[in-house]
A.B. asks: 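Take this structure first; my questions come after.
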Amino acid sequence: MKEKLQKIKEEAVRNIEASADLSRLNDVRVAILGKKGELTAVLKSMKDLLPEERPAFGQLVNDIRADIERKLEEAKAALEEKELMLRLEQEVIDVTLPAKSNRIGHRHPNTIALEEVERIFIGMGYEVVEGPEVELDYYNFEALNIPANHPAKDEQDTFYVNEEIVLRTQTSPVQVRQMEKGKLPIRMIAPGRVFRSDEVDATHSPSFHQIEGLVIDRHITFADLKGTLEAFARELFGEETNVKFRPHHFPFTEPSAEVDVTCFKCGGKGCRFCKGSGWIEILGCGMVHPRVLRMSGIDPEEYSGFAFGMGLERIALLKYEIDDMRLLYENDERFLRQF
Ligand code: DAH
């Protein structure tokens, strides 16, 4: 019995010393001290001994058990220390490395310009509304007094989905949709994407953005139109800006005008930016045509209104002095970072 105990102990010590990690060490512990372990088995066999031999033997088993437990504890502490060191070594941080710079995104110049325009009109009590980009031919053309044979419907300009559906060529159809709702008065702007079958160049893109405006109420006159757009232009381009209304033609307004502002680069003297004229065109506008009002269910004898429409990209290009519209779409960071 004693020799057997001695052998168990020697083998245990050997196995403990050979354990390369904590999990293997635990296996060794279970194999010796566990319920079905070797030492436990020896203890169980004590019943075969003579009663007077039992106390001494019991003592011996306990001593050996204590020895083995101590060895296990020591080995465990050593292995834990080793694993900690290894981890510290792997997780070492080189505090002398240059830090990674955090690059934070920001609004696109188009968005900055749009939010500026929205801020100005919201300040004048306008509501911001939206309409569909895939639009009925009726809203995009017919209801805006652009009949079937009108050149603006030319296939070169318009993406037709089918005979009745187009990608809207302008944000003006949102005027009609808003008027049809029947809630008056109306004071709205409608920003959004529009589409035209155009080749890409410095000033054209098959997809760009417009901001539409519409006011309908009793007693609205051309003076309201002029005052509103003048206030808008001064707020957007600066207090010293002058505004000029040039007669023009749009099918859905009568009378119609295009609006020029004094070149903010040269103050009106004439420069490369305004091509020597001192003026820069920013939008189209006019008094809503009585026929358009009537088609949308509004009585032109009782109500009148004005409308305007501008190209968002054009405003962004002017405001930030960008000379090629393609830069707004290419998402080249060297460009976008500058805003
Ligand atoms: N929809 C016109 C265009 O795309 C712009 C425009 C002109 C809108 C005059 C208007 C307006 O509301 O009154 O060229």
A.B. asks: Going through the checks in order, is the side chain to side chain contact (heavy atoms under 4.5 Å, CB included) test met by His108 and Asn331?
C.D. replies: CA-CA 9 Å; His108 187 275; Asn331 286 339; 4.2 Å; yes
A.B. asks: Please determine whether a side-chain nitrogen of the Lys or Arg among Glu11 and Lys7 lies less than 4.0 Å from a carboxylate oxygen of the Asp or Glu.
C.D. replies: no
A.B. asks: Testing Arg168, Gln175, Glu180 for side chain to side chain donor-acceptor pair (under 3.5 Å) with Tyr139, which one passes?
C.D. replies: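 Exactly one pass, corresponding to Glu180.
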A.B. asks: Donor-acceptor pair, distance only, cut-off 3.5 Å: does the side chain of Asp224 make one with the backbone of Thr221?
C.D. replies: yes
A.B. asks: May I ask you to decide whether Arg196 forms a salt bridge with Asp198, counting only side-chain N to carboxylate O separations under 4.0 Å?
C.D. replies: no
A.B. asks: Ring centres of Phe195 and Phe159 under 6.0 Å apart?
C.D. replies: no
A.B. asks: Hey, are Glu130 and Arg193 close enough for a salt bridge, meaning a charged N less than 4.0 Å from a carboxylate O?
C.D. replies: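 Salt bridge absent between Glu130 and Arg193.
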A.B. asks: Would Leu214 and Phe222 show up in the same hydrophobic cluster when neighbours are defined by side-chain heavy atoms closer than 4.5 Å?
C.D. replies: no
A.B. asks: Between Glu127 and Arg187, does at least one N-O distance fall below 4.0 Å, as a salt bridge requires?
C.D. replies: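 Salt bridge between Glu127 and Arg187, a charged N being under 4.0 Å from a carboxylate O: no.
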A.B. asks: Keeping to residues at least two apart or across chains, list the ring-ring contact (aromatic ring centres under 6.0 Å, His included) pairs with something in residues 285-311.
C.D. replies: Phe121-Phe308
A.B. asks: Just wondering, are more than 12 heavy atoms of other shown residues or ligands nearer than 6.0 Å to CD in Glu53?
C.D. replies: yes
A.B. asks: The test is side chain to side chain contact (heavy atoms under 4.5 Å, CB included); show your working for Thr228 and Val215 and say whether it passes.
C.D. replies: CA-CA 10 Å; Thr228 301; Val215 170; over 6 Å; no
A.B. asks: Go through the steps for Leu229 and Val243 under the test side chain to side chain contact (heavy atoms under 4.5 Å, CB included), then give the verdict.
C.D. replies: CA-CA 8 Å; Leu229 293 181; Val243 178; 5.6 Å; no
A.B. asks: With rounding to the nearest 0.5 Å, note down the distance linking CD1 in Ile280 to CD1 in Ile282.
C.D. replies: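 Going from the CD1 atom of Ile280 to the CD1 atom of Ile282 covers 9.5 Å.
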A.B. asks: Can you check side chain to side chain contact (heavy atoms under 4.5 Å, CB included) on Arg14 and Glu10, steps first, answer last?
C.D. replies: CA-CA 6 Å; Arg14 238 181 294 124; Glu10 278 164 19; 4.3 Å; yes
A.B. asks: May I ask you to test the Phe208-Arg314 pair for a side-chain heavy-atom distance under 4.5 Å?
C.D. replies: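 When only atoms from C-beta onward are counted, Arg314 and Phe208 do not touch, as no gap falls below 4.5 Å.
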A.B. asks: Would you check if Glu163 and Asp137 make a side-chain contact, meaning some heavy-atom pair closer than 4.5 Å?
C.D. replies: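 No, their side chains stay 4.5 Å or more apart.
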